[in-house]
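Whatever order the structure lists ligands and atoms in, that order sets their numbers, starting from 1.
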Amino acid sequence: MTRKRVGVLISGRGSNMEALVAASRRTEAPFEIALVLSNNPDAAGLGVAADAGITTVAIDHRPYRSDRAAHEMAIAHRLDAAGVEIVCLAGYMRLLTPLLVGRYAGRMLNIHPSLLPSFPGLHTHARAIEAGVKLHGCTVHLVTESMDEGPILAQAAVPVLLSDDEDSLAARVLAQEHLLYADTLALFAQDRPGRADPTASLRNPLPEAARPS
Ligand code: GAR
């Protein structure tokens with residue numbers, strides 16, 4: 001099987017990236033991680049990727065100042081040089097311009113920590129608790145020019161418990177992000193987007209303590 005070459009863009013911890021790397025190493029994986037790139041040279045995820053034997057690149061956005069297009073041109077150059085076919089944003093915390101979005105239109109995915117269209121933007125877990133929603137979760141979607149919009153490919157839901165604070169809810173969602181992103185990318189790389197088993201990412205929506213015995 002030819003594996004689609006995936007470039008992952010990160011800005012920080014990189015746990016979703018790590019989940020994609022792990023999934024890419026399953027024997028039947030339809031994708032491989034060709035490159036991990038960050039706008040933040042200090043991103044912890046760069047070290048994680050390098051330790052896993054993945055090529056890493058840091059392209060610091062700061063020297064480019066307000067010239068976002070020039071920064072994105074530099075990114076695109078590295079992605080193209082690595083033969084990247086699919087771009088996965090995984091905690092990439094820069095707003096993208098039409099330059100990068102247009103270049104990878106229909107083949108750039110993002111993971112967002114809420115059930116879009118609810119709670120786009122930042123601080124999604126605190127806002128979900130504040131709003132009193134009983135279900136929260138994560139979304140994998142295609143990237144378009146509007147932030148946290150674009151066709152939804154898959155979602156996973158988790159319950160919001162009365163005992164939750166921002167951190168406990170974030171941890172429950174993050175565990176689902178890792179499963180959902182890997183599963184969705186695997187289908188997408190086989191040109192089967194949207195056919196994810198809707199229960200696949202709900203394997204363990206409840207934390208141990210809240211599961212009925
Ligand atoms: C993840 O929760 C991801 O969904 C979120 O940032 C976190 C990155 O964690 N992304 C966004 O909020 C994008 N709008 P990670 O670096 O450990 O994958």
Taking heavy atoms and a distance under 4.0 Å, where does D148 meet ligand 1: side chain, backbone, both or neither?
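Side chain only.
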With sequence neighbours excluded, tell me which residues meet side-chain contact (heavy atoms from CB on, under 4.5 Å) with M147.
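Counting only residues at least two positions away or on another chain, M147 forms a side-chain contact (heavy atoms from CB on, under 4.5 Å) with L95.
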Short N or O distance, N16 and ligand 1, threshold 3.5 Å exclusive:
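Looking only at distances, the answer is yes, because the N/O contact criterion of under 3.5 Å is met.
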Tell me whether the centres of the aromatic rings in H141 and H112 are closer together than 6.0 Å.
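Here the rings of H112 and H141 have centres that are no less than 6.0 Å from each other.
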Can you figure out which of S15, P113, G91, G12 has its heavy atom closest to atom 15 (P) of ligand 1?
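Nearest option to atom 15 (P) of ligand 1, by heavy atoms: S15.
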Pick from H112, M93, R13, M147: the one approaching atom 17 (O) of ligand 1 most closely through a non-hydrogen atom
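Answer by nearest heavy atom: R13.
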At the 4.0 Å heavy-atom cut-off, does I111 count as touching ligand 1?
yes
Go through the side-chain N and O atoms of T144 and E149 and say whether any donor and acceptor fall under 3.5 Å apart.
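The criterion, which ignores hydrogens and geometry beyond distance, is not satisfied for E149 and T144.
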No-hydrogen, no-angle side-chain donor-acceptor test under 3.5 Å, H136 and S114:
no
Nearest protein heavy-atom contact for atom 16 (O) of ligand 1: which residue, which atom, what distance?
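Of every protein heavy atom, G14 N, 2.7 Å lies nearest to atom 16 (O) of ligand 1.
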For atom 2 (O) of ligand 1, the protein heavy atom that lies nearest, with its residue and separation
E177 OE2, 3.0 Å
With distance as the sole test, does S168 use its side chain to make a donor-acceptor pair with the main-chain N or O of D165 at under 3.5 Å?
yes
Salt-bridge test for E32 and R5: reply yes if a basic N is under 4.0 Å from a carboxylate O, no otherwise.
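So E32 pairs with R5 through a salt bridge.
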